[in-house]
Amino acid sequence: MARTLIVEIVTPERIVYTNEVEMVVAPTIDGEIGVLPLHAPLVGALKAGEVRVKQGEAVEWFAVSGGYIQVHEDKVIILADDAEIASQIDVERARQAMAIAKERLSELGGVGDEVDALERDLRWAEVRISVATAH
Amino acid sequence: MANLRDIQKRITSTQSTRQITRTMEMVATAKIRRAQDRIESARPYALAMMEVLGNVAHFTGGASHPLLEEHETRTKVVVIAVSSDRGLCGAFNSNILRLSEQIVREERERGADAGVIAVGKKAIAYFRYRGIEPLASYRDIADKPSILDARSIASRVIDGYVAGEIDAVKIVFNRFKNVADQVPEIHDLLPIRPEVVRAAADELKVNPEYVFEPSASSVLRLLLPTYVETLVYRSLLESAASEQGARRKAMKSATDNAGEMITTLTRTYNRARQGAITNEIAEIVGGAAALEKS
């Protein structure tokens, strides 16, 4: 059997996913990286985006809102601020969240303490929608 | 001697009080377990986080970061007091409030300005009453803290610290030692002590050559705020579990006390009843004797 990776996707509140897989793809700040077994030790920062986990023919998709990835000895830990498996994303809720964030942002006109957080919410909603609708 | 009916009334009322405290005790017991589960599920992230932090710290050496640097002057100190929204939990809140106020007083005596961030209605009410208007208050999060709550508290002090408006941040909360024991603790949140980061680095058994994306120092820059968030989150979770522990204990002794009181009252009641009967007999006997004489 081919070598496998152990992947763990954890958020501060729970373990979202853990499994033995063949490949992990994650969105780092500088672009997507794919991790195969025997990958060099790596620590990276993630931006909001899609994480793919491949196991034979099966692929699982996750939306992550940013965080960190650590690869060491065929073990991949993804420390996500927030993460959801594609099949469980509530698109309706994400749309609402997006609408609220957009409205609030246009109200503020891009100034104020809340802007950063709102932009983060907006990106997170966008990522959730795109991950959920694409798969 | 007390009126029989009055004693009866007190017994009934104590019984219903006992019913309530007993229910609260059971509710708290159930909630402790859930709160403990939440602490458990936060652990994997915290551990992995420390590992990553250790790796990054190892490679950045003594890298500087605004959150690691102590400010030259200590003019503004912020205390985050983590209390509960509800009472009836023994000394849970008073410990926290006393400790927090003590820090505020000490810092003020030292000439520094000290402010409070109040978490939980009890802290908000207490500090307002004492004339210390909280810099920020958070309510309705003590029962079921989420990482979002922790993030909003953390980002507030981080922003203040980076901007130079705050020179030190402490967090006061009850640590959940075990079901029966909660220990009030004071932790330094900011500046992050370099020892903490160094200790995380030393703890790693292996230090392979890591590749960093984008670079070790930029990962560190992103990681430190997340580290503070995790600390705050952990404190909130510990406090939530402690609150239920403290309430269970308080309600248990209330239930026990009510039971004792009922026993005493019942005894008094019986004695009074017996006294009344004896009295009646004496009256009848006395009446009969009086009739015989005449």
Side-chain angles (χ1 to χ4, degrees), chain A residues 6-18 24-35 38-49 64-83 97 101 112-121 124, chain B residues 37-60 144-152 154-156 159-160 163 204-223 225-227 229-234 236-237:
Chain A
I6 293 173
V7 62
E8 235 174 58
I9 302 179
V10 293
T11 70
E13 287 175 338
R14 67 204 167 105
I15 298 177
V16 177
Y17 179 81
T18 167
V24 179
V25 179
T28 68
I29 289 179
D30 290 342
E32 249 187 4
I33 60 159
V35 179
L38 296 175
H39 194 286
L42 167 114
V43 171
L46 301 180
K47 61 180 179 187
V64 297
S65 68
Y68 313 90
I69 181 170
Q70 173 173 291
V71 184
H72 180 226
E73 286 181 350
D74 288 345
K75 181 161 188 196
V76 182
I77 300 173
I78 293 179
L79 287 172
D81 297 338
D82 210 336
D113 299 338
E114 282 179 68
V115 173
D116 280 353
L118 284 170
E119 279 174 351
R120 228 182 3 249
D121 289 351
W124 174 225
Chain B
D37 286 347
R38 272 200 288 275
I39 297 180
E40 281 307 314
S41 21
R43 191 158 289 155
Y45 184 90
L47 289 177
M49 163 104 217
M50 286 313 283
E51 197 183 321
V52 175
L53 185 63
N55 281 324
V56 178
H58 181 76
F59 281 87
T60 49
K144 228 178 166 182
S146 80
I147 183 70
L148 293 176
D149 304 323
R151 237 171 244 163
S152 104
S155 68
R156 200 181 163 101
D159 292 349
L204 300 171
K205 289 152 218 96
V206 278
N207 277 307
E209 283 298 308
Y210 273 91
V211 178
F212 290 96
E213 282 270 339
S215 71
S217 57
S218 51
V219 174
L220 182 69
R221 200 174 58 236
L222 291 164
L223 204 55
T226 318
Y227 169 74
E229 280 165 16
T230 326
L231 282 185
V232 174
Y233 184 51
R234 168 114 199 145
L236 294 180
L237 289 178

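Every value quoted in this text rests on a predicted model; they were computed, and no experiment measured them. Letters A, B, ... are given to chains in the order of the sequence lines, protein chains preceding strands, and every chain is numbered from 1.
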Non-hydrogen atoms of chain A under 4.5 Å away: do they reach the side chain of [X], the backbone, both or neither?
X         : value
Ser146(B) : both
Phe212(B) : both
Leu237(B) : neither
Arg151(B) : side chain
Ala48(B)  : both

Between Gln70(A) and chain B, with a heavy-atom cut-off of 4.5 Å, which part of the residue counts as in contact: side chain, backbone, both or neither?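 Just its side chain gets close to chain B.
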Contact class of Ile29(A) relative to chain B, heavy atoms under 4.5 angstrom: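 Contact with chain B: side chain only.
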Mind checking the CD1-CG spacing from Ile147(B) to Asp81(A)? Nearest 0.5 Å is all I need.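 Atom-to-atom, Ile147(B):CD1 and Asp81(A):CG are 8.0 Å apart.
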Rounded to the nearest 0.5 Å, what separates atom CG in Leu47(B) from atom CD1 in Ile77(A)?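 Going from the CG atom of Leu47(B) to the CD1 atom of Ile77(A) covers 9.5 Å.
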Report the option among Ile15(A), Asp30(A), Leu42(A), Val10(A) that has the most heavy-atom pairs separated by less than 4.5 Å from atoms of chain B.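 Looking at each of Ile15(A), Asp30(A), Leu42(A), Val10(A) in turn, Leu42(A) comes out on top.
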Of the listed residues (Arg14(A), Glu13(A), Glu8(A)), which shares the most heavy-atom pairs with chain B below a 4.5 Å separation?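 Among the listed options, the one with the most contacts to chain B is Glu13(A).
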Taking all non-hydrogen atoms of both residues into account, name the closest pair between Val211(B) and Ala40(A) and its distance.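 Closest approach of Val211(B) to Ala40(A), heavy atoms only: CG2-CB, 4.4 Å.
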Where the side chain of Tyr68(A) meets the backbone of Leu222(B), is there a donor-acceptor pair that is under 3.5 Å apart?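 Yes, Tyr68(A) side chain to Leu222(B) backbone: donor-acceptor pair under 3.5 Å.
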Closest-packed option against chain A by number of heavy-atom pairs under 4.5 Å, given Thr226(B), Asp159(B), Thr230(B):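 When all of Thr226(B), Asp159(B), Thr230(B) are compared, Thr226(B) has the most.
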Validation row: Val43(A), Val56(B) side chains within 4.5 angstrom (heavy atoms):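 Yes - at least one pair of side-chain heavy atoms lies under 4.5 Å apart.
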Do His72(A) and Tyr210(B) come close enough that some side-chain heavy atom pair is under 4.5 Å?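 Side chain of His72(A) against side chain of Tyr210(B), heavy atoms only: contact under 4.5 Å found.
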